[in-house]
Amino acid sequence: MRTAAEKCIKVGDSFAFDYGTMFGKGRLTEDEVEALAPKAEAAAAAVAALRATGRAKAHKSKDGTDEPVLFTRLPYICEAGPNTPASIAALCDLGAHCLRSVDGVVFLGVGGSYLGNKVLFNLFCGEGWNSLSLKERGGRPYIFFGGNNLGALPNELLLREIKALAKRTVGAELKGERFRLLLVPISKSGGTLETLTAFSYLFEKLSAEPQIDAEVTAVTDLREEAASPLARLAALKGWRTFDIKEGVGGRFSVFHAPGLVTAAVIGCDIEALLRGARDMDAACKTKDWRRNPALLNACLKYAAGCAHGCDIEVFMGYGQCLKAVGEWYVQLLAESLGKRCDREGRQVFYGRTPIAAVGSTDMHAQTQQHQDGRRNKVIQFLQIKDSLAEAVLGAPFPELPDIAKYAGLNLNEALEAALFANREALDNDGRFSAVYTLARRDEYCLGLLLCFLMLSIAYEGELADVDAYDQPGVEAYKKIIKRELGR
Ligand code: PA5
C-alpha cells in the first residue's frame with residue numbers, strides 16, 4: 001500500500017503527516033473536506049488572533065474571570081513572554097546544580113504537571129535510567145516520578161525505592177557524603193490532592209532519613225492572587241521556585257516551567273526543543289489550510305467525526321518509548337475537546353474518546369477491535385525513523401528453520417513492517433488512519449510534534465466552537481471528593 005504523495009504534508013525533512021488513508025472507501029471524500037473551507041479559514045483567523053492578542057473567544061478561568069491563553073507564545077523566549085531569558089537561565093542553573101550536586105530527583109505532579117515530563121524522560125532517558133551507573137547517566141541524577149495517583153501503595157513503594165537506593169549508593173558513587181535528593185512538586189494550582197499528599201508524605205519521611213539530605217524546588221503559580229498553597233509554603237520555607245504564568249494551562253505547559261524543569265534536570269537541549277516548536281508554529285500559520293499541517297489535521301479529524309461518526313481516536317506510537325506521548329495526548333484531547341456545550345452555550349457533547357496504544361505490543365491486544373469493531377475510530381500512528389539503537393539477529397538456532405529464517409533481520413525494520421502491516425490491513429477494510437513520522441529521536445523533532453498536536457487541538461476547538469482551554473467537567477468530582485474527605 002502506498003499513499004499519494006500529495007496526501008503527505010512535511011515540515012522540513014524532520015516531520016511528516018501522511019493522511020492518505022483518511023480518504024478512500026468508506027472514509028472521507030474530497031467534497032466532504034472541501035466543504036470545510038469556510039470553517040477552516042475562520043479557524044485560521046481565530047488562532048491567528050489568539051497568537052496576536054493572547055485571548056480566545058469566551059474563555060474564562062474556573063472562577064469565571066477573563067483569562068489569557070498563552071501557549072502559542074511559549075516557543076519564543078522574550079522579556080514579555082511566559083518564557084523569559086531569565087526564566088530559561090534559571091532552569092539551566094537548576095540543571096547545572098543537579099549535575100554538580102544532586103544524586104536523585106523526584107518530580108511530583110499529575111495531569112499537565114506530569115505527563116509532558118514523562119514524555120521527555122521516556123524519550124531521552126528511558127525506563128532503565130535508574131539502573132545505569134553515574135557515568136552512564138552522564139553525571140545526571142536518578143529520576144523518579146510520584147504524586148500522579150492517590151493511595152498508600154504508590155507512595156510507599158516510591159519511598160522504599162528511594163531509601164534503598166540511598167542506602168546502596170552511600171559510600172559508592174555519590175556526589176557527597178550523603179544522598180542528596182531534590183523534591184520537585186509541580187502544581188499550577190498548588191493544591192492538587194495527588195501532588196500535595198505525595199509531596200507531604202515523602203518530604204516528612206525522607207527528611208528524617210539519616211543518609212539523605214532533602215531539598216525542594218517548587219513549580220507553581222506564584223501570583224499572590226492565585227493563592228497557591230504550594231507557593232505560600234515555598235515562600236515560608238525559602239525554597240527555590242519556578243513560576244507557572246497565568247494563561248498557561250496544565251496540558252499546554254510542556255514548553256513552560258512544568259515541562260522544562262524536567263528537560264533541564266535530565267540535560268535536554270531546551271533551545272532545540274523550542275526551536276522545533278517555533279518551526280512547527282511557523283508552518284502552521286498559513287491561512288492556506290490544506291498546507292497548514294495542524295489545521296489540516298484538525299479538519300480531517302473533525303470531518304471524520306461529523307460525517308462518519310468517528311468518536312474515538314487511538315494514538316498508537318510504534319516503540320515503547322512513545323507510550324508517554326500517547327498518554328500526554330490523551331489528556332490534551334480529552335480535556336480540551338470533550339465539552340458539553342459550545343461557546344454559544346448550546347449542548348453539543350463534543351469530543352473523541354482518546355486511547356493510548358503502543359505498537360507493536362497492542363497489535364496483540366487492541367487491533368482486533370480496531371480492525372473488526374465499530375467503524376467509529378481513527379487510528380493515529382506515530383513513528384520515529386531513526387531509533388538510535390540497532391539490533392540485528394544472528395543465527396543462534398540454525399537447526400530450527402522457523403527461527404533460523406530471521407537471521408539478519410534488523411529489529412527496527414521489523415517494527416516498521418508491523419506499522420506498515422497494521423495500516424494496510426485497516427486500509428483494506430476502509431478504516432481511518434494516518435501516520436506522523438519524526439525523522440529522529442531528538443529534542444528538535446519532539447518540539448515539532450508536541451507543538452503540532454497542541455495547535456491541532458486549538459484549531460479543532462475553533463472548528464467545533466468549543467473552549468479548548470477550560471475543563472469545567474472536572475469540578476463535579478472535585479466538590480464530591482472534598483465532601484468525602486471532609487476537608
Ligand atoms: O490540564 C489541566 O489543567 C489539568 O489536568 C491539570 O494539569 C491537573 O489537574 C493538575 O493540576 P495542577 O497543576 O494545578 O496540580
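For ligands, and for the atoms within them, numbers begin at 1 and follow the listed sequence.
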Go through the steps for Tyr350 and Asp465 under the test side-chain hydrogen bond (donor to acceptor under 3.5 Å, both in side chains), then give the verdict.
-> CA-CA 10 Å; Tyr350 191 73; Asp465 196 20; over 6 Å; no
Intermediate values then yes/no, salt bridge (Lys or Arg N to Asp or Glu O under 4.0 Å), Lys205 and Glu156 = CA-CA 10 Å; Lys205 303 283 179 199; Glu156 194 48 39; over 6 Å; no
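Look at Glu462 and Arg343 and you find a salt bridge, because one of the NZ, NE, NH1 or NH2 atoms lies within 4.0 Å of a carboxylate O, short of that distance.
The residue among Gly109, Ser189, Ala226, Gly249 with a heavy atom at the shortest distance from atom 14 (O) of ligand 1 is Ser189.
Of the N or O atoms in Lys478, none lie within a sub-3.5 Å distance of an N or O in ligand 1. Considering backbone and side-chain N/O atoms, Gly190 never comes within less than 3.5 Å of an N/O atom of ligand 1.
Near Thr192, with a cut-off below 4.0 Å to any heavy atom, the atoms of ligand 1 are 11 (O), 12 (P), 14 (O), 15 (O). Within ligand 1, counting atoms from 1 as listed, the ones closer than 4.0 Å to a heavy atom of Gln331 are 1 (O), 2 (C), 4 (C), 5 (O), 7 (O). Within ligand 1, the atoms closer than 4.0 Å to a non-hydrogen atom of Ser113 are 7 (O), 12 (P), 13 (O), numbered from 1 in the order shown. Interface atoms of ligand 1 facing Gln471, defined by a heavy-atom separation under 4.0 Å, are 3 (O).
At least one cation-pi condition fails for Arg340 and Phe349: the charged atom is not both under 6.0 angstrom from the six-membered ring centre and inside a 45 degree cone around its axis.
Remark: minimum distance from atom 7 (O) of ligand 1 to any protein heavy atom is reached at Gly112 N, 2.8 Å. Of all protein heavy atoms, the one lying nearest to atom 10 (C) of ligand 1 is Val110 O, 3.3 Å. When hydrogens are left out, the protein atom nearest atom 2 (C) of ligand 1 is Glu335 OE1, 3.3 Å; that is the closest non-hydrogen contact.
Among the candidates Phe121, Phe145, Phe107, Phe144, the single residue satisfying the ring-ring contact (aromatic ring centres under 6.0 Å, His included) test with Tyr114 is Phe145. The one candidate from Val184, Val261, Thr217 that meets the side-chain contact (heavy atoms from CB on, under 4.5 Å) condition with Val105 is Val184.
Within the 4.0 angstrom cut-off, atom 5 (O) of ligand 1 has one or more protein heavy-atom neighbours.
The aromatic rings of Phe452 and Tyr436 lie perpendicular to each other, with more than 60° between the two planes, well past the 30° mark.
Between the side chains of Ser187 and Thr195, no donor N or O sits under 3.5 Å from an acceptor N or O.
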